[in-house]
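Reviewing the structure listed below.
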Amino acid sequence: SKMAALLLLYSAAPLLVQSQPGEYACVPGGGHDNYPFCNVSLPVDDRVRDLLSRIPDILKPSLLTARANEGLAFLGVPSYYWGSNCIHSSMFDRCTDDGHCSTSFPSGPSWAATFDRDLMRKMATIIGQETRAGFNLKTWLDNGSEGAGLECWGPVINMNRDPRWGRNGEGGAEDPYLMGQLALAWTLGLQKGDGLDERYIQVIATLKHFDANSLEDSDGFTRHNVNVNLTNYLLQDYYWPAFRAAIRDGGAKGVMCSYNAINGIPTCLDPLMLSARNAWNFSGYVTSDSDAVGDAYDQHHYTASAAEASCKAIVDGGCDIDSGNTYKDNLLIGVKQNICTMDDVDKAMFNTMRVRFELGLFDPVDTQPYTKLGAKDIGTANATAINADAAASSLVLVTNPHNILPMQTGKKIAIIGPHGNATYALIQVDTGIICPNKDMSCVKTPLEAISELNVNGQTIFVPGSGLDTNITGAGGIVDAVSAAKEADYVILAIGISECGSWGKISGIPSEIERCATGQKPYFE
């Protein structure tokens, strides 16, 4: 067959190369810079089509697979890593030689609580700049040490509709308009930055998770198999506004479809979700959440096979990238079974390659200001100042009875609650290395910070309980009540954390068990 012949033809040469950040196609002197797709005078769409015409069909499913780390050596096209998370920071695995780490901004709800569009955009701009800078350094990888790309998988703009949802810390707010403005600011900051080069996208905003993704594990359902029943009114009025604002008004170039189904159809296979994006003039790429296409078959049982799920995702849902192995293992089987065609596959290829061109990855490096970003642009004094401003701006004073605030120094202060002496637990999940020693030594605990400010006073800490467990002995609730009675001021330090916050159906969550055994302790 033609496919078998292609396999034989190209098996003699190393086609697929391992991913390395900071590499570009069409580099002069390598014998691969004279293709039409390298000609910057041609329209981008024409260049993309020329590139696609040179790629054997057998290789395309791998190129549509996130984190597959594969490239096209025979065309001089380096590998590209799809899947760098940017939830509230660039998620890198190292810091600069002089001790500057990528900036860890406040979590999503704190962004929303600033009610400040300009500040949100400034934070997103810095995340975009630091993502580009780390990419350019070539040896910097995401915190999973798998690779680094220029399409941020973030922001999370799902609605924080229930405080019991363990992933509220990734999102933002419960108001659709506010979330739309947050999503818009994120998009403009990531993609346009501070206007360094209007020809290219700084990094791509990949809005997630589209849509109605706000359940982890509850009542026998997980995010992988839950079907969310929604009216069209709820979609239009509540769930879609954040995505609509970012795409229609901000030109967001990426969307991640979610694990769940809506009204019986897995979102990655849903023609309604595709129609909505088209109505908002979406012109980017779509990726699945981690193997959400596979979930359509083996969790939702929506299709009869993984091949059918792959084809329906490509055609009906407009899902271009599969974050898993479902496309890689099954897409060409679907083509062979006439469930979809190679033309359908090429549409997905076109969408994914076009955004890589729009990032400048096929253009001369020396003419692009974004390629000059590097170590000097990571963890700058300006980023630190904006981070401090964001943290302060996110604080909300609900009431101040008896003018308790501002607090006086030289008093006895009792800090009560499991977060009172925490570091790691206070930092939003999906964070890269933020301290040069790859620990939390650069993060002050509330106890440390308040003790420094309480000059000539006494500051004590009593946890009272764990986040998910009781403390029956020293430091438990009895000691907490006693400390509160004796103190001039009591500060409660309570909330959720990565440890156990995502929830499980029954038994002890592994996250809690891990934290309780000290691998990621509550109090660091």
(message) Show the nearest heavy-atom pair for residues Leu359 and Ile204, with the distance to one decimal.
(response)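 Minimum heavy-atom contact is CD1-CD1, 3.8 Å.
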(message) Which heavy atom of Gly324 sits nearest to which heavy atom of Asp291, and what is that distance?
(response)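 Result for this residue pair: CA-OD1, 3.8 Å.
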(request) Show the numbers, then the answer: is there a side chain to side chain donor-acceptor pair (under 3.5 Å) between Tyr81 and Arg67? (result) CA-CA 5 Å; Tyr81 180 81; Arg67 297 165 176 157; 3.2 Å; yes
Has the side chain of [X] got a donor or acceptor atom that lies under 3.5 Å from a matching backbone atom of [Y]?
X: Asn260; Y: Asp211; result: yes
X: His88; Y: Phe105; result: yes
X: Thr384; Y: Thr380; result: yes
X: Gln129; Y: Asp194; result: no
X: Glu170; Y: Gly108; result: no
X: Thr303; Y: Ser305; result: yes

Could you tell me whether the side chain of [Y] reaches within less than 4.5 Å of the side chain of [X], counting heavy atoms only?
X: Leu59; Y: Phe74; result: yes
X: Arg354; Y: Asp45; result: yes
X: Phe210; Y: Ile157; result: no
X: Lys208; Y: Ile87; result: yes
X: Tyr370; Y: Leu196; result: yes
X: Val293; Y: Lys312; result: no

Using 0.5 Å steps for rounding, measure from the [atom1] atom of [X] to the [atom2] atom of [Y].
X: Ile126; Y: Thr131; atom1: CD1; atom2: OG1; answer: 11.5 Å
X: Leu42; Y: Asn39; atom1: CG; atom2: CG; answer: 4.0 Å
X: Gln337; Y: Glu308; atom1: CD; atom2: CD; answer: 9.0 Å
X: Leu230; Y: Asn227; atom1: CG; atom2: CG; answer: 9.0 Å
X: Glu23; Y: Asn136; atom1: CD; atom2: CG; answer: 10.5 Å
X: Asn387; Y: Asn382; atom1: CG; atom2: CG; answer: 11.0 Å

Do other residues, nucleotides or ligands put more than 12 heavy atoms under 6.0 Å from [X] [atom1]?
X: Asn232; atom1: CG; result: no
X: Lys372; atom1: NZ; result: yes
X: Arg199; atom1: CZ; result: yes
X: Asn229; atom1: CG; result: yes

(message) Does this structure show an ion pair linking Arg132 with Asp197, if we count only N-O contacts that are shorter than 4.0 Å?
(response)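 Result for this pair is no, no salt bridge flagged.
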(request) Using a strict 4.0 Å threshold on nitrogen-to-oxygen distance, state whether Asp118 and Arg121 make a salt bridge. (result)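 Not counted as a salt bridge, because no side-chain N and carboxylate O are separated by less than 4.0 Å.
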(request) Kindly confirm or rule out an SG-SG distance below 2.5 Å between Cys435 and Cys95. (result)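 Answer is no: Cys95 does not pair with Cys435 in a disulfide.
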(message) My understanding is that only one of Thr206, Asn351, Thr352, Asp320 makes a side-chain hydrogen bond (donor to acceptor under 3.5 Å, both in side chains) with Tyr285; could you say which?
(response)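 Answer to the side-chain hydrogen bond (donor to acceptor under 3.5 Å, both in side chains) test with Tyr285 among Thr206, Asn351, Thr352, Asp320: Thr206.
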(message) For Ser258, run the side-chain hydrogen bond (donor to acceptor under 3.5 Å, both in side chains) check against Asp289, Asn158, Thr267 and tell me which one passes.
(response)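 Of all the options given, the one that passes is Thr267.
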(request) Start with the C-alpha distance between Arg94 and Ile433, add both sets of side-chain angles, then the distance that settles side-chain contact (heavy atoms from CB on, under 4.5 Å), and finish with yes or no. (result) CA-CA 6 Å; Arg94 66 194 66 193; Ile433 302 302; 5.8 Å; no
Answer with yes or no whether the side chains of [Y] and [X] bring together a donor and an acceptor at under 3.5 Å.
X: Gln368; Y: Tyr24; result: no
X: Thr326; Y: Asn330; result: no
X: Ser104; Y: Ser89; result: no
X: Gln236; Y: Arg244; result: yes
X: Ser310; Y: Tyr297; result: no
X: Glu130; Y: Thr103; result: yes

(message) Under the salt bridge (charged side-chain N to carboxylate O under 4.0 Å, His left out) definition, can you give me all pairs with a residue in residues 251-269, not counting sequence neighbours?
(response)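 Passing the test, one end in residues 251-269: Lys253-Glu358.
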(request) For residues 331-346, pull every pair meeting salt bridge (charged side-chain N to carboxylate O under 4.0 Å, His left out), keeping only residues two or more places apart or in separate chains. (result)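 Applying salt bridge (charged side-chain N to carboxylate O under 4.0 Å, His left out) to every pair that reaches into residues 331-346, excluding sequence neighbours, yields Lys60-Asp346.
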(request) Would you sort out whether Met349 and Met342 count as a side-chain contact (heavy atoms from CB on, under 4.5 Å), showing the intermediate values? (result) CA-CA 10 Å; Met349 286 289 298; Met342 284 310 303; over 6 Å; no
(request) Any disulfide bond (SG atoms under 2.5 Å apart) involving residues 261-308? Give me the pairs, sequence neighbours left out, ordered by first then second residue. (result)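 Residue pairs passing disulfide bond (SG atoms under 2.5 Å apart), neighbours aside: Cys257-Cys268.
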(request) Please report the C-alpha distance between Glu174 and Tyr238 in whole Å, then the side-chain angles of each, then the deciding distance to 0.1 Å, and finally whether the side chain to side chain donor-acceptor pair (under 3.5 Å) criterion is met. (result) CA-CA 9 Å; Glu174 59 185 345; Tyr238 186 73; over 6 Å; no
(message) Could you walk me through whether Leu51 and Tyr35 satisfy the side-chain contact (heavy atoms from CB on, under 4.5 Å) test, starting with their C-alpha distance in whole Å, then the side-chain angles of each, then the deciding distance to 0.1 Å, before giving a yes or no?
(response) CA-CA 8 Å; Leu51 173 60; Tyr35 300 113; over 6 Å; no
(request) In sequence, state the C-alpha distance, the side-chain angles, and the governing distance for Ser288 and Tyr259, and then conclude on side chain to side chain donor-acceptor pair (under 3.5 Å). (result) CA-CA 8 Å; Ser288 76; Tyr259 293 117; over 6 Å; no
(message) Pair Ile378, Leu373 - check side-chain contact (heavy atoms from CB on, under 4.5 Å), show working.
(response) CA-CA 9 Å; Ile378 295 173; Leu373 296 174; over 6 Å; no
(request) Indicate the ring-plane relationship of Trp240 and Trp280, choosing parallel, tilted or perpendicular according to the 30° and 60° boundaries. (result)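 Trp240 vs Trp280 ring planes: perpendicular.
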(message) Between Trp153 and Trp82 (judged by ring centroids, cut-off 6.0 Å), do the two rings come close enough to count as a pair?
(response)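 No: the rings miss the under 6.0 Å criterion.
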